[in-house]
Amino acid sequence: MVMKARRRATAGKQRREMHSLRRVLRSPEIKQARKRRKRRRKRTLQEINRLLCLMCGCQEGAGDDIDALLETIEQSNGLTLQSEGCGASDNRPVLYVEHRNLNPETELKRYFGARAVLGDQRPRQRQRQFHRSTWMTIPKNTWPRFSRPGISMTLLESRDGLQYFTFEHSRDYQQIQFKFLDSVESMDPNNIVALLQMNPYHIDSLLQLSDVCRIQEDQEMARDLIERALYSFECAFHPVCSLTSGTSRLDYLRPENRAFYLAGYKHMMFLERRGCPRTALEYCRLILSLDPDSDPLCMLLLIDFLSLRSREYNFLLRLYQDWEVHRNLSQLPNFAFSVALSHFHLSQEDQTESKERERLKHKADLLLQDALIMFPGVLMPLLDLCTVQPDAAVSSHDFFGPRSQQTPALAELVSLYVGRTHTLWREGGVLLWLEECVREVLRRVDAKDPLVEDCQNKRKQRYQSAPLNIHRHVILSEIKEATSTLPLEVTTQSVMGFDPLPPLDSVVSYTRPERSHCSKTAIKNPDYGLQLHMGSRSYLLEKCPLV
């Protein structure tokens with residue numbers, strides 16, 4: 001009886017609580033809160049719907065089914081949800097970028113292990129002051145507190161499955177940019193340091209001061225400033241801007257976008273020198289995907305080197321096969337030789353079957369012979385940098401001697417390739433293979449192979465003048481063998497480190513107001529400390545304290 005009474009009391013108490021809860025839920029305040037939540041949820045879904053429609057290029061009212069929209073986006077981007085096996089990478093776009101490969105720690109962990117790379121970083125990251133998660137850089141506690149510097153990204157249009165973005169400067173940021181240009185004209189880097197202390201995330205100041213640190217051999221500070229610039233850019237990304245899909249575009253003709261190209265390029269070169277070629281290759285893909293048609297920094301002259309350094313031979317061969325038809329990559333010396341070298345390395349791998357090994361080796365021989373016939377001017381400088389004394393039959397033959405004259409544009413491409421990749425040809429097995437192919441090329445030349453005369457005519461007709469993006473790439477590469485071949489019209493003009501060789505048809509969104517007291521002699525002065533002197537490998541930057 002006592003237990004039944006207790007159960008009845010408990011049930012009665014629960015009923016009373018339920019009645020009171022129902023009264024509360026039926027109150028006008030709760031009903032209004034519910035309506036507000038429904039309206040917010042509806043607005044959020046409408047915004048997601050609008051953004052998805054912009055990404056896939058469909059009409060505004062056609063996006064009621066979000067799953068269907070996502071499927072449309074995946075099809076337009078050429079993406080499929082697959083595992084990370086070799087088969088999945090073949091179905092992705094050739095310039096697909098993986099987020100995890102943008103972090104150099106991913107590559108360093110493969111070399112040294114997670115314990116050696118991370119060390120005591122984890123406890124410190126819990127207390128960091130940067131709350132936004134980014135892919136390109138990891139913010140550091142030593143950086144100044146981040147506040148939006150006035151850079152934003154706008155989606156201009158979506159067309160044919162591609163999204164065209166641009167960075168924009170606020171009015172306050174424009175005033176800082178004007179002060180930066182005044183500091184450049186003052187010929188005193190200390191003014192840039194003072195400007196950066198007041199505006200620690202101003203992009204062009206970070207880029208310029210990074211060059212100062214690099215010349216002063218403070219590589220750690222130079223790399224840190226570039227990472228800070230990339231972090232500032234990534235915090236300004238548009239919500240639908242994707243680094244991985246290869247469908248986001250940035251027009252280099254707009255000055256606001258050029259700093260992102262330059263920051264990515266400089267960060268990539270720091271990674272390559274740091275011993276992270278796989279991560280550098282991922283950034284090279286990213287930069288190339290922003291404008292693959294124009295390729296303003298001419299990343300096609302570098303991507304083969306990074307692919308060979310990171311042993312991504314299959315990626316290089318796939319890029320060559322996909323782009324050869326519409327880009328004529330075989331007419332670039334770097335691709336002609338690097339594709340042959342990729343086939344050779346694949347033929348030497350242990351897991352390759354014997355028949356496949358023979359096929360790859362035979363194809364590598366033919367490709368290298370064709371490359372030597374098309375670009376005979378590569379051999380002697382390459383052997384010279386490899387400290388290899390050529391055979392008497394080779395050095396005395398006219399084909400590889402002075403008779404193989406090159407146009408200035410072709411000499412620029414050849415010097416760039418040889419100066420950058422000669423270390424890849426120093427291996428004993430590669431040199432023996434090169435020697436075999438050179439002997440076969442001489443035999444074909446003496447036998448009057450029709451390909452020899454055909455390639456000679458092509459060299460005379462093509463390579464008359466190099467476009468501006470190749471000159472810009474040579475300047476940024478700072479390879480002395482290549483910078484010495486730049487034409488006079490480039491070496492005689494002032495080249496600014498934060499915007500080297502701007503396009504002639506730039507799309508300017510705002511202009512700097514004229515100043516009557518501005519001294520124009522500083523800009524024309526060839527010894528100006530913040531300009532790039534084409535006779536040397538680096539910027540002639542005056543020493544300045546960075547503390």
Side-chain angles (χ1 to χ4, degrees), residues 181 184-185 187 207-208 211 214-215 252-253 255 258 261-262 265-266 269 294-302 331-334 374-382 384-385 401-422 456-506 508 519-542:
L181 297 176
V184 170
E185 292 182 358
M187 297 183 291
L207 296 180
Q208 195 70 57
D211 291 327
R214 184 168 53 83
I215 299 308
Y252 194 81
L253 297 180
R258 295 173 199 162
Y261 280 88
L262 295 173
Y265 183 92
K266 293 175 185 294
M269 297 311 298
S294 302
D295 193 9
L297 298 188
C298 221
M299 305 307 294
L300 287 176
L301 298 179
L302 175 64
Q331 302 304 306
L332 295 173
N334 59 309
M374 183 64 191
F375 306 105
V378 171
L379 180 63
M380 301 309 291
L382 181 61
D384 183 49
L385 289 179
R403 202 185 92 178
S404 61
Q405 295 180 355
Q406 307 174 114
T407 62
L410 182 56
E412 185 176 352
L413 292 173
V414 168
S415 301
L416 180 68
Y417 174 74
V418 172
R420 172 174 283 153
T421 62
H422 65 274
Q456 185 177 1
N457 294 332
K458 288 180 179 178
R459 289 196 301 273
K460 291 180 181 179
Q461 297 173 2
R462 304 170 183 175
Y463 313 105
Q464 296 300 318
S465 61
L468 194 63
N469 60 340
I470 292 182
H471 299 325
R472 192 181 296 122
H473 180 91
V474 170
I475 291 173
L476 291 173
S477 69
E478 299 183 357
I479 297 175
K480 62 179 181 180
E481 291 85 0
T483 55
S484 61
T485 62
L486 285 169
L488 193 63
E489 61 268 18
V490 175
T491 59
T492 55
Q493 65 174 296
S494 300
V495 180
M496 308 305 296
F498 59 90
D499 189 8
L501 299 182
L504 301 178
D505 53 346
S506 299
V508 180
S519 174
K520 298 182 179 180
T521 58
I523 305 177
K524 299 180 181 179
N525 183 7
D527 294 329
Y528 174 37
L530 289 171
Q531 295 176 5
L532 181 67
H533 189 273
M534 302 311 305
S536 63
R537 294 184 58 186
S538 58
Y539 297 94
L540 297 178
L541 291 157
E542 299 178 2

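- Taking the side chain as every heavy atom from C-beta outward, Leu410 and Arg462 never approach each other to under 4.5 Å.
- Atom CG of Leu413 and atom OH of Tyr463 lie 7.5 Å apart (nearest 0.5 Å).
- Nearest heavy atoms, Val414 versus Gly377: CG1-O, 3.8 Å.
- In this model, no donor atom of one side chain and acceptor atom of the other lie less than 3.5 Å apart for Gln406 and Arg459.
- When every heavy atom of Ala409 is checked against every heavy atom of Ala466, the shortest pair comes out as CB-N, 3.6 Å.
- Remark: Tyr252 engages Tyr261 in a ring-ring contact (aromatic ring centres under 6.0 Å, His included) (not counting sequence neighbours).
- Remark: the backbone N or O of Leu488 is paired with a side-chain donor or acceptor of Thr491 at under 3.5 angstrom.
- For Phe375, there are no ring-ring contact (aromatic ring centres under 6.0 Å, His included) partners at least two apart in sequence or on another chain.
- Between Leu253 and Pro503, the closest heavy-atom pair is CD2-CB, 3.6 Å.
- In this structure, Ile470 and Cys298 approach most closely via the heavy-atom pair CG1-SG, 3.6 Å.
- Residues Glu478 and Arg214 are in side-chain contact: their nearest non-hydrogen atoms beyond the backbone lie under 4.5 Å apart.
- A distance of 8.0 Å separates OG1 of Thr485 from CG of Leu416, quoted to the nearest 0.5 Å.
- No side-chain heavy atom of His422 sits under 4.5 Å from any side-chain heavy atom of Tyr417.
- Partners of Lys460 by salt bridge (charged side-chain N to carboxylate O under 4.0 Å, His left out), not counting sequence neighbours: none found.
- Between Leu302 and Met269 the shortest side-chain heavy-atom distance falls below 4.5 Å.
- Partners of Ser465 by side chain to side chain donor-acceptor pair (under 3.5 Å), not counting sequence neighbours: none found.
- Between Glu489 and Gln493, the closest heavy-atom pair is O-NE2, 3.1 Å.
- Between the CG atom in Asp499 and the CD atom in Gln208 there is a gap of 11.0 Å [rounded to 0.5 Å].
- Not one N or O on the side chain of Asn334 forms a donor-acceptor pair closer than 3.5 Å with the backbone of Arg420.
- A search for salt bridge (charged side-chain N to carboxylate O under 4.0 Å, His left out) contacts involving Arg472 returns nothing, not counting sequence neighbours.
- The shortest distance between side-chain heavy atoms of Thr483 and Ile475 does not fall below 4.5 Å.
- The two residues Gly419 and Ile479 come nearest to each other via the heavy atoms CA-CG2, 3.9 Å.
- The salt bridge (charged side-chain N to carboxylate O under 4.0 Å, His left out) check on Asp384 picks up nothing, with sequence neighbours excluded.
- Looking only at atom types and distance, the side chain of Arg258 has a donor-acceptor partner in the side chain of Ser506 under 3.5 Å away.
- Of the options Leu297, Leu476, Val490, Val474, a side-chain contact (heavy atoms from CB on, under 4.5 Å) to Pro500 is made by Leu476 and by none of the others.
- Side-chain contact between Glu412 and His471: present, with at least one pair of heavy atoms (C-beta onward) separated by less than 4.5 Å.
- For His473 (side chain) and Asn469 (main-chain N/O), no donor-acceptor pair under 3.5 Å exists by modelled atom type.
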side-chain contact (heavy atoms from CB on, under 4.5 Å) assessment of Tyr265 paired with Met299:
CA-CA 9 Å; Tyr265 183 92; Met299 305 307 294; 3.9 Å; yes
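- Distance check: Leu300 CG to Asp295 CG gives 4.5 Å after rounding to the nearest 0.5 Å.
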